[in-house]
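As the structure is a prediction and not an experimental result, all values here were calculated from the model. Counting starts at 1 for both ligands and their atoms, in listed order.
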Amino acid sequence: MTASRQQLIRLLADGEFHSGEALGDVLGVSRMAVSKQIKVLESIGLDVFKVTGKGYKLSSPLQLLDAEKIAAGSSVRVESHQVLGSTNQHLLDKAALLQKGHSCFAEYQTAGRGRRGKKWVSPYGSHLYTSTYWNLDAGIHAASGLSLVIGIAVARTLTDLGIANTQLKWPNDVYVEGKKIAGVLVEIIATAGGECHLVIGLGLNVNMPLQAGLEIDQAWTDISQQLQHTLDRNELATCYLTHLIKVLTDFEQFGFGHFVDEWNSCDAFKDSPVVLTLGNKQKQGIAKGIDQTGALLLEINGIVSPQVGGEMSLRRAEI
Ligand code: ATP
């Protein structure tokens, strides 16, 4: 991200109209050059309106992230970037050098990702894209159920904001009113020495621009649709990190069993007909929550059994 493009974003961040001429004067470039830069902003997910005689305006004001504010509120190390490929990849690349809790944020991800190579739509400055480093001395087996626990940290964050009915979809998604508001992606590096490096990624929708919303191929929502008041993204980031560190600490101290009841109370599919997909195999049954290890409990022909192995995907069954 060039300095001049960052400056243009800061000028437009107030959500007011700015004429091409005035923007060009501040940036020291022609109106034509401004118009080219505006096209780049649109390509990274910002909705920019142009009105003849008035100039350019963002669809809503932008509040940019401030690493110092987030770090001060959450007492972990925080780095904030304009653009990253993926916040998870950024921390995975240097995992062995990091301390527990080290977190990074990006305003924009060029290759934000979900599970199994799926894309996470990450328009500039609109949501939270963040990753946190953690490690488990007890090794990879101790990580079982971790993405479920992160969902609980997100649910607690949304509850603090006043969003009451957050639901969790096994194993890694957060829903409100049946629509996806956040995704969790935990990636693990297990070392030969038995140590386990974890990178915990979160994409949390705050204020979805029009164009970016059209790119998502399933029902979604964002915090601004759920709340009547505007939200400070830095406070949101601090709130999430505070809950995250608390659940991670409790997870290590008390184990996954500590969270089972809370997770089951937020289960999006509890007692619903579902389809579980693993590779090219599918099972149909009734979702019965999770067990003490975090495995999905599925009832098929009256028998409830835990589902284990591989990357499974759960969907509500069409009736
Ligand atoms: P599962 O893998 O459990 O079947 P999933 O299909 O939702 O669930 P994930 O890897 O959890 O897959 O998330 C990626 C998917 O989320 C994308 O394929 C897209 O459908 C959706 N998605 C992408 N970006 C966003 C976003 N910003 N907000 C909501 N949903 C999104």
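- At the shortest separation from atom 20 (O) of ligand 1 among protein heavy atoms lies Asp217 OD1, 2.4 Å.
- With atom 31 (C) of ligand 1 as the reference point, the heavy atom nearest to it among Tyr175, Trp120, Trp170 is part of Trp120.
- When only non-hydrogen protein atoms are considered, atom 24 (N) of ligand 1 lies nearest to Val121 N, 2.9 Å.
- Taking a cut-off of under 4.0 Å to the non-hydrogen atoms of Arg116, the atoms of ligand 1 that pass are 2 (O), 4 (O).
- Nearest to atom 17 (C) of ligand 1 among the protein's heavy atoms is Lys119 O, 3.5 Å.
- Taking atom 12 (O) of ligand 1 as the reference point, the nearest protein heavy-atom neighbour is Lys118 NZ, 3.2 Å.
- Residue contact check: Asn205 has heavy atoms under 4.0 Å from atoms 26 (C), 27 (N), 28 (N), 29 (C) of ligand 1.
- Looking at residues two or more places apart in sequence or on another chain, you find a salt bridge (charged side-chain N to carboxylate O under 4.0 Å, His left out) between Glu262 and Arg156.
- Those atoms of ligand 1 with a heavy atom of Gly114 less than 4.0 angstrom away are 10 (O).
- The side-chain hydrogen bond (donor to acceptor under 3.5 Å, both in side chains) with Glu187 is formed by just one residue from the set His197, Gln89, Arg113; it is Arg113.
- In summary, the atoms of ligand 1 found under 4.0 Å from a heavy atom of Ser313, numbered by their order in the structure, are 1 (P), 4 (O).
- Neither the backbone nor the side chain of Glu215 has any atom closer than 4.0 Å to an atom of ligand 1 (non-hydrogen atoms only).
- Checked by distance only, ligand 1 and His127 stay at 3.5 Å or farther apart across all their nitrogen or oxygen atoms.
- Ligand 1 has a nitrogen or oxygen under 3.5 angstrom from a nitrogen or oxygen of Asp173.
- Not a single N or O atom of Leu314, backbone or side chain, sits closer than 3.5 Å to an N or O atom of ligand 1.
- Between Tyr108 and Tyr124, the ring planes lie tilted relative to each other; the angle falls in the 30° to 60° range.
- A salt bridge links Lys94 to Glu79: at least one charged side-chain nitrogen sits closer than 4.0 Å to a carboxylate oxygen.
- If you chain together ILVMFWY residues whose side-chain heavy atoms come under 4.5 Å of each other, Leu91 ends up grouped with Leu92, Leu98, Tyr133, Ile189, Val199.
- Aromatic ring pairs are classed by plane angle as parallel below 30°, tilted from 30° to 60° and perpendicular above 60°; the pair Phe259 and Phe256 is tilted.
- The distance from ligand 1 to the heavy atoms of Trp220 drops below 4.0 Å at these ligand atoms: 29 (C).
- Remark: minimum distance from atom 16 (O) of ligand 1 to any protein heavy atom is reached at Lys180 NZ, 3.1 Å.
- For Lys179, the heavy-atom gap to ligand 1 stays at 4.0 angstrom or more.
- The pair Glu42-Lys50 does not count as a salt bridge, with every side-chain nitrogen at least 4.0 angstrom from each carboxylate oxygen.
- Checked against Met208 for a side chain to side chain contact (heavy atoms under 4.5 Å, CB included), the options Ile223, Asp222, Thr221, Leu214 give a single hit: Asp222.
- Of the protein's non-hydrogen atoms, the one nearest atom 3 (O) of ligand 1 is Arg115 NH2, 3.0 Å.
- For the residue pair Gln211 and Asp47, no side-chain donor N or O sits within less than 3.5 Å of a side-chain acceptor on the partner.
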